[in-house]
Each structure stands twice: as C-alpha cells, then as structure tokens.
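Below is one structure, written out as structure tokens; comments come after it.
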Number of protein chains: 2
Amino acid sequence: MTASITDVARAAGVSASTVSRALRGRPGVSEEVRAQIAALASQLGYTASRSASSLASGRTYTIGVVVPYVGRWFFGTVLDAAEREFSAAGYDVLLYNLGSPETRKRFFTKLPVRKRVDAVLSLLIPDEAESAALRSLGVPLASTVGGARPGFTVVGIDDRAGTESAVRHLVNLGHRRIGMISGSSGPLHWTTPVERRNAYLDVLADAGIAHDPALEADGDYTVDGGERAMTELLAAARPPTAVFAQSDEMAMGALRALRRHRLKVPDDVSVVGFDDHELSDVVGLTTVAQPVARQGAEAARLLLRQLDEPEADPPAGQVRMPIRLVLRETTAPPSPRGPQ
Amino acid sequence: MTASITDVARAAGVSASTVSRALRGRPGVSEEVRAQIAALASQLGYTASRSASSLASGRTYTIGVVVPYVGRWFFGTVLDAAEREFSAAGYDVLLYNLGSPETRKRFFTKLPVRKRVDAVLSLLIPDEAESAALRSLGVPLASTVGGARPGFTVVGIDDRAGTESAVRHLVNLGHRRIGMISGSSGPLHWTTPVERRNAYLDVLADAGIAHDPALEADGDYTVDGGERAMTELLAAARPPTAVFAQSDEMAMGALRALRRHRLKVPDDVSVVGFDDHELSDVVGLTTVAQPVARQGAEAARLLLRQLDEPEADPPAGQVRMPIRLVLRETTAPPSPRGPQ
DNA sequence: TGCTGTTGCGCAAGCGTTTGCGTTCATATT
DNA sequence: AATATGAACGCAAACGCTTGCGCAACAGCA
C-alpha cells in the first residue's frame, strides 16, 4: 500500500500530528524536524489522503467547474484559463460537463458537488432554480457568461454594446436588410441571446429600419446550426444583404452556407460574428472580439479571493470586460443588385 | 449544516448502517424501509460525503483526466466524450490541464491524484518517466493519442497510414516538392510527430523524391505556429508546391500565411491537414479525418471496464480507429509555373 | 416441536487526517 | 532561586462514512 502519515511519523520518530503540522507549514515544529520529515515524506512517496484531510478539516481544496460544452472553443478557452489559476493556487478542479439536458438536470438535482468542493464556477450562468440549488451548497459562487444572478460573482462583457457595434457597422455600410442568426433556443436560460437580440432590434429601430421576423433564424451556437440558419434566411422572400451572427461558429456556418449557394462574401452578403474565435482570422471574419481567456482567469481569481478572505464582503456582483469590433474581410457595402 | 447520515438515520428510526446500505442499493434492507429512507434523504437534501465514503471504502468514484491543453479543439472534443462516459457511469472527473512544462512537472512529481482517483486517463501518452509515476499510483491507466506504453490501455489511430494517404494524395496529383509542417518540438515526448514524419519520408522515398530538409518546418500544433512555419517554407530557395500539415490548426495557419503572401490555394500551393477539425469543412481544407470523440469515449469505456472487473486481464494494449482522407478544395495538381 | 436457513437490522471498528488541549523542557524574568 | 513564558511536541477526539460480524425474528422442513 502507499505510505500513510503514521508511516512517516514512525520513520521520523515523531507523532502523526507533528508530521501533519510539518508538511503543511504550520507552526509548532522546529526547522530541523520539519526538514527531516519533509525528506522522509518525499522519500516514502507520501502524499496526504485528500479524503482524510478534507474529512478532518472540512476543506476540500477542490473547485467544481460546470461547463455546458467543454468541446466548444469558447468554453474550452475559458476553462483552460480558469484551471490555470486554480491549480496555481493549489486547488484541484472537478469538471462537470453538462452537455445534455438530462445530465444537466441530474447534476442540479443530485448535486454531486455537495461536500466535495470549496467553491463552484459555472462557465454559463445557471437559471434561477439551478442557482438556488447551487446556493444551497453554502460555498462561494462565480460565473462567466450570462448576466447577473444573486449570490454569484459574474464576469462578462457588455453584450449590448458589442452587438450594437456590430450591427451599426452593417448599417453604416449601407445595409438595410440585416439578418440575425441567434442561439436563443435550447434548454439554457441565459440572458445573452436576448440581450443581443434587443440590441439588434434597437439599432435597427434607431436606423429607421423596420424589423422583419423572416430575417431572424436560430443557429444553436454551432457551425451546423449556423449553416442551417443561413440557408433559412436565404430562402426568405427578400433575403438579407448582411447578417449578424451571435457567435463566430454560427458565422462560419453561415459562410459555408453562402459558399454552397455560390454567393460571394462580402460582395453578395456581409457577415459579422461575435467572439473572435481563434480561427476567425483565418477565414477573415469580421467580428466583435471579447477577451475570452481573461474572463475565465478573472472569474477564477475572484473566487479564490473569496476563499482566502471568507469574512470579506463578496466582491462586486459583476465585472465587465471590454469588447471591440475587429474589421476583416466579410463585410462591405451592399452590392447594388443585391444577393442572387 | 448540511444533513449527515446520522440525521437521516435518526429521522427514519434506523441505524446509519441501514441508511448507508439502503441508499447504495446494498442487500440487507427491506423494500419498505429502503423507500422510506430514500424519501427522507431527498427531503433532507442528503448527499453522502465523498470524502468520508471514500475514506471508509477506499473507492473514490473519481477519475483523473490529464490534458495537455483543454482549449484545443482536439483535446476538448476528446475530453467532452470521455467525460460523458464517466459521468454516465457515476464517476466524477478531476481535471488536470498541463499547459506549461512547469505545471506538467509539478503534476508528475507531486502526483496530487494519489489516493484521490480510481483510475487515470491521459489524453496524450506521457513519456516513460511520467508513465512510471502514474503506474506507481496502482490504478488502471489509459491514454488516447501517442503510441503504446506499458501499463496503459491506449486507443488511437494509425498515424502512419493516415500520413501516407495524405502525402500519397499529393504525390498522385503530381507534386514533387512537398513540404511538411510538423509539431515535433516542445516538451512532450510522444510518438505521433515522429511516426508521421517517418511516413512522410517513406512516401517521398517510394516516389523517388529526394528529401529536402528545407521543406520541413515546425508549427507547434498551433495556428500561429503553422503560419510561421509556412512563411518559413515559402522563404526556401525552392518553395514547396504542396504541404502536408500534421494538424488542421497548423494547416489553417498555413492557409493564412499563403493568403498574406497573395498565393492562391490550391492553384499555387496545395495544403492538406490532419484531424478534420470542425471548421475544416468551412475553409474547404483537404484533410485526413480521424474519429476524435469516439477515441475519448472508447478510452473511457475501456477504463471503466477495468474498474468493473478488476480481476480481468487488462484489455489489449492498443485500439486502432479508422482514418480516412477527406478531399476538399485545398489540393490540386501543381501549377505549371509553380509558386510565386 | 426442534432444527436449520434466511432476512433485516444494529454494533462497533476502522479509514487517514486535523486540531484543541495538555505536557515537557529550555530560556527569560524578577 | 523561584517563577513565568514560550516553543516543540504528543494525546486523543473528532470528521462521516462503510462493512464484517452478531443477533433476533421468522419461515421452512422433517
């Protein structure tokens, strides 16, 4: 079997308590004894059992991270950055990938993180019922995308401003028939799609452009969904001359659909995305960039701070990071003859 | 405080042992009592403390997954699939994202997973020293990409065959100056880059093409690296008319470099990648496709099987999944006048 | 009716730590 | 010289479960 604390204690000729204190840097151990214990411990390959120590101390040194889809670029990037912060601070991360509605439901009803984590970071804000479940854990909570929620420290961006910059850009180029590919359906209740939609509607209204429901389609935040949505838009009586996609993945799907329809981008149709996916540059996609990794890192840091100073007031509910429009090659003034 | 097993026991008028047995479906409890306990438990919001139960039972119902870079599409996709299998089987996953050499080293020397996991899945085969460290944990081990290693169940693809199909395709199109963008540098010791390189060299030799070292460059498995590598290749005395990139991300970086050099793909230069990234279709990249998610799922399943039947012989060391060349729009016969 | 099995449950030990408190011993203080 | 003060360490009780064993109650059998 692997060595236990008493093995180390016996080898060092001290008590288990002393070993425990020595290895964790607690006072009450002379430097020589501490050094000797440390040497013995590494020699015996001793690592304290997390189960035992968290049972005894009540602290788990583990953080639960719940992700809607690890495989997607956005969340993968956020997770990567957050994990770095956590592991640098000595915390392990328990990953919960809540891809399907069933696993999502199971997670929030069974709450397998109960008594297992010191805090939880949700990469997408949970709905109110789910949030309540998490609050019942009695640990610090944080989230990245999706708007404010009581009990959560959330770091995100200004979706409204981002969307406005994108849609205004199209308006300024002279487009009047501006479509939108959104990701509002699905089981998740987050505010992002609706905030972006509202901003889209507002910009249109501001520009004196009547809203045409046929110019909206759902792309499910995936490439394939974006392709389907674009195909749908192209089937409209009067197709759009420009489209704003709520994510770069959907925008790329739209690009694919346009190519299949032998439409030129941006000559026939302009496309702007959202996120600045790492491959957007490759396809020359105009998009609104947001600091993805930084959001994950910042959320992690805020959570760690709460863990360090449990007595301090919870940090400001919401942190907003800057966005900016990145102009590339998928947007241009509408062609005089329009698409087709 | 949150409810403990004795709270449930008291409420039900039984002993803690009975609650434990009832909730885990162990024999020795009548159906009525079991039902009553289950009701009480959910009513009290009781969840067994994982620390306590794993301390007592020795099983953690947790699997350690070590990933080189969660943010990369390939690993994110593999992780997604593996996590689904694990969580469906009732296991939690502890994620270790080993991005930098330092975190990697720290992980393998401190081995924070010791006594914390029932098994570990490494998404990239660790080198021999690291593997030895993992073997010392005394738990089942599996890995996805990177070749065989004692003690590991590994599921992967035939890198040689994949590479051959890609390079042969270029040869058959009539190319003679075929460059390669590899990902062999870096701190990781895995066989993939060298296997692919060997296959590349063999195909060239087979075709009677002399190998030109100036036609090889390192792309670090990233988009930016691929761009740099392509730029490097273009600077050669006689630049390639076609290049094989060891990953789609690098291929896309190459595409970007070519665009910046105002070179047409595939007219001036053909490009073929490896992986079939979800966005390869969008850019029309010819590539060798491998079943990414399926590898993660399969590796997870094999690990779970070992956990179920600890006495059974460890499964076959290596599982090979099929690859296939996907022809798209980045490859064509060399132009008579060559690049520039 | 006595015996053997089976079922359903409780007892208590144990899992490997952490931590409050008590003890010892050397040093500083008056 | 007597006493107070700390530092360094050990003791033992938790932490919340699991599990081998024992015991009662009851059924089935001859």
Side-chain angles (χ1 to χ4, degrees), chain A residues 1-38 40-41 44-62 90 92 112-118 138, chain B residues 1-38 40-41 44-62 90 92 111-118 137-138:
Chain A
M1 254 4 266
T2 70
S4 86
I5 199 173
T6 55
D7 296 328
V8 179
R10 198 172 316 126
V14 298
S15 73
S17 347
T18 300
V19 174
S20 172
R21 284 187 269 256
L23 260 21
R24 291 176 311 130
R26 285 280 136 78
V29 183
S30 70
E31 266 320 311
E32 324 144 53
V33 174
R34 188 189 302 278
Q36 191 205 353
I37 289 177
L40 248 2
L44 295 177
Y46 169 74
T47 307
S49 155
R50 260 322 215 292
S51 310
S53 70
S54 59
L55 180 57
S57 71
R59 296 207 58 172
T60 65
Y61 282 98
T62 299
D92 283 339
V113 287
R114 168 157 287 156
K115 302 176 194 168
R116 280 208 84 174
V117 299
D118 292 341
Chain B
M1 255 359 265
T2 70
S4 87
I5 198 174
T6 55
D7 296 328
V8 179
R10 196 171 319 123
V14 298
S15 73
S17 348
T18 300
V19 173
S20 171
R21 283 187 270 254
L23 260 22
R24 292 177 309 131
R26 287 276 185 282
V29 183
S30 70
E31 265 322 309
E32 324 143 52
V33 175
R34 186 189 303 277
Q36 192 205 350
I37 289 176
L40 248 1
L44 295 177
Y46 169 75
T47 307
S49 154
R50 259 324 214 291
S51 313
S53 68
S54 58
L55 180 58
S57 70
R59 296 207 57 173
T60 65
Y61 283 99
T62 299
D92 283 338
L111 275 187
V113 288
R114 170 158 285 156
K115 302 177 194 166
R116 279 207 85 176
V117 300
D118 292 341
L137 296 174

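All values derive from a computational prediction rather than experimental measurement. Per chain, numbering begins at 1; letters A, B, ... match sequence-line order.
In this structure A:Tyr46 satisfies the ring pair (Phe, Tyr, Trp, His ring centres under 6.0 Å) test with no other residue, sequence neighbours excluded. The side-chain hydrogen bond (donor to acceptor under 3.5 Å, both in side chains) search around B:Ser4 returns B:Thr6, not counting sequence neighbours. Remark: B:Glu32 pairs with no residue by the side-chain hydrogen bond (donor to acceptor under 3.5 Å, both in side chains) rule, at least two apart or across chains. Listed by chain and number, the residues in a side-chain hydrogen bond (donor to acceptor under 3.5 Å, both in side chains) with B:Arg24 are B:Ser20 (sequence neighbours excluded). Looking at residues two or more places apart in sequence or on another chain, you find no salt bridge (Lys or Arg N to Asp or Glu O under 4.0 Å) involving A:Arg114. With sequence neighbours excluded, the residues that form a side-chain contact (heavy atoms from CB on, under 4.5 Å) with A:Ser51 are A:Ser49, B:Ser54, B:Leu55. For B:Ser15, the side-chain contact (heavy atoms from CB on, under 4.5 Å) partners are B:Ser17, B:Thr18, not counting sequence neighbours.
Applying the salt bridge (Lys or Arg N to Asp or Glu O under 4.0 Å) test to every pair with at least one member in residues 46-58 of chain B, sequence neighbours left out, gives these pairs: B:Arg50-B:Asp92. For the salt bridge (Lys or Arg N to Asp or Glu O under 4.0 Å) condition, the pairs that include at least one residue of residues 6-21 of chain B, sequence neighbours left out, are B:Asp7-B:Arg10.
At the phosphate of C:dT18, neither OP1 nor OP2 sits under 4.0 Å from any side-chain N or O atom of A:Arg59. Put simply, B:Arg24 has a side-chain N or O that comes within less than 4.0 Å of OP1 or OP2 on D:dT19. The side chain of B:Tyr61 places no N or O atom within less than 4.0 Å of a non-bridging phosphate oxygen (OP1 or OP2) of D:dT18. Between B:Ser20 and D:dT18 there is a side-chain polar atom (N or O) within less than 4.0 angstrom of OP1 or OP2.
Separating the CG atom in B:Leu111 from the OG1 atom in A:Thr2 is a distance of 11.0 Å, to the nearest 0.5 Å. Taken from NZ in B:Lys115 to OG1 in B:Thr60, the straight-line distance is 13.0 Å, to the nearest 0.5 Å.
Nearest-nucleotide mapping onto DNA chain C: of B:Lys115 and B:Ser15, the residue sitting toward the 5' end is B:Ser15. Heavy-atom nearest nucleotides on DNA chain C were determined for B:Leu55 and for B:Val19, and the one closer to the 5' end corresponds to B:Val19.
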Classify every nucleotide of nucleotides 21-28 of chain C by which part a protein heavy atom approaches to under 4.0 Å, writing B for the base, S for the sugar-phosphate alone and - for neither, in 5'-to-3' order.
-> --------
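Within residues 28-37 of chain B, the residues that have a heavy atom under 4.0 Å from DNA chain C are, in order of number, B:Gly28, B:Val29, B:Ser30, B:Val33.
For C:dC11, the base has a donor-acceptor partner in the side chain of B:Ser17 [N/O atoms by modelled type, under 3.5 angstrom].
A 4.5 Å side-chain heavy-atom check between B:Leu23 and B:Ile37 finds at least one atom pair inside the cut-off.
Atom CD1 in B:Ile5 sits about 17 Å away from atom P in C:dA12, given to the nearest Å. B:Arg26 places its CZ atom 16 Å from the P atom of C:dG8, with the value rounded to the nearest Å. Atom pair A:Arg114:CZ and D:dC15:P shows a separation of 19 Å (rounding to whole Å applied). The distance from atom CZ of B:Arg50 to atom C1' of D:dC17 is 13 Å, rounded to the nearest whole Å.
Five base pairs at each end of the helix from C:dT1-D:dA30 to C:dT30-D:dA1 define two local axes, and these are offset by 40° (rounded to 10°).
Relative to the side chain of B:Ser4, the nucleotides D:dC17, C:dG16, D:dT18 differ in distance, and D:dC17 lies closest. Taking only side-chain atoms of A:Ser57, from C-beta outward, the nucleotide of D:dC9, C:dT17, C:dT18 with the closest atom is C:dT18. Closest contact between the side chain of A:Thr18 and the listed nucleotides C:dG10, D:dG10, D:dC15 involves D:dG10.
Using a 4.0 Å heavy-atom cutoff across all strands shown, B:Ser53 reaches sugar-phosphate atoms only and no base atom.
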